[in-house]
Structure formats: structure tokens, C-alpha cells
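Beneath this line is the structure, given in C-alpha cells, with notes to follow.
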Amino acid sequence: MTVFVTGWFKSFIAALPVGLTIMTVMSMTVKPKIETFLKS
């Protein structure tokens, strides 16, 4: 069980910066498109 938790934790820490980067890029690019779509 501890091996599983350790592996999960390591993969989570490794994926966190990637996820944050993708989230930031998405909010920068997708949000304006959605707002213009809703206004029209």
C-alpha cells in the first residue's frame, strides 16, 4: 500500500506543473472565445 501511495504522490507532483500550465493556457485562450460566443 505504501508503495502505491508513494508512486501516486510522485506522479501527482510530476503532473502538477503540467496541469497548471495547461490550465493557464486554456483560461487565456478558451475564455475569450467562450465570452464572445455567449455575447453573440
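Model, not experiment: these values are computed from the prediction. Residue indices begin at 1 and follow the sequence shown.
- In the hydrophobic clustering, where aliphatic and aromatic side chains (Ile, Leu, Val, Met, Phe, Trp, Tyr) are joined below 4.5 Å either directly or transitively, Val30 groups with Val18, Ile22, Met26, Ile34, Leu38.
- Annotation: Trp8 is in aromatic contact with Phe12 [ring centroid separation under 6.0 Å].
- Every residue was checked against the ring pair (Phe, Tyr, Trp, His ring centres under 6.0 Å) condition with Phe37, not counting sequence neighbours, and none meets it.
- Under a hydrophobic-cluster definition in which Ile, Leu, Val, Met, Phe, Trp and Tyr are linked whenever side-chain heavy atoms come within less than 4.5 Å, directly or via other members, Ile13 and Phe4 are assigned to different clusters.
- Separating the NZ atom in Lys31 from the OG1 atom in Thr36 is a distance of 13.5 Å, to the nearest 0.5 Å.
- When every heavy atom of Pro32 is checked against every heavy atom of Ser27, the shortest pair comes out as CD-O, 3.9 Å.
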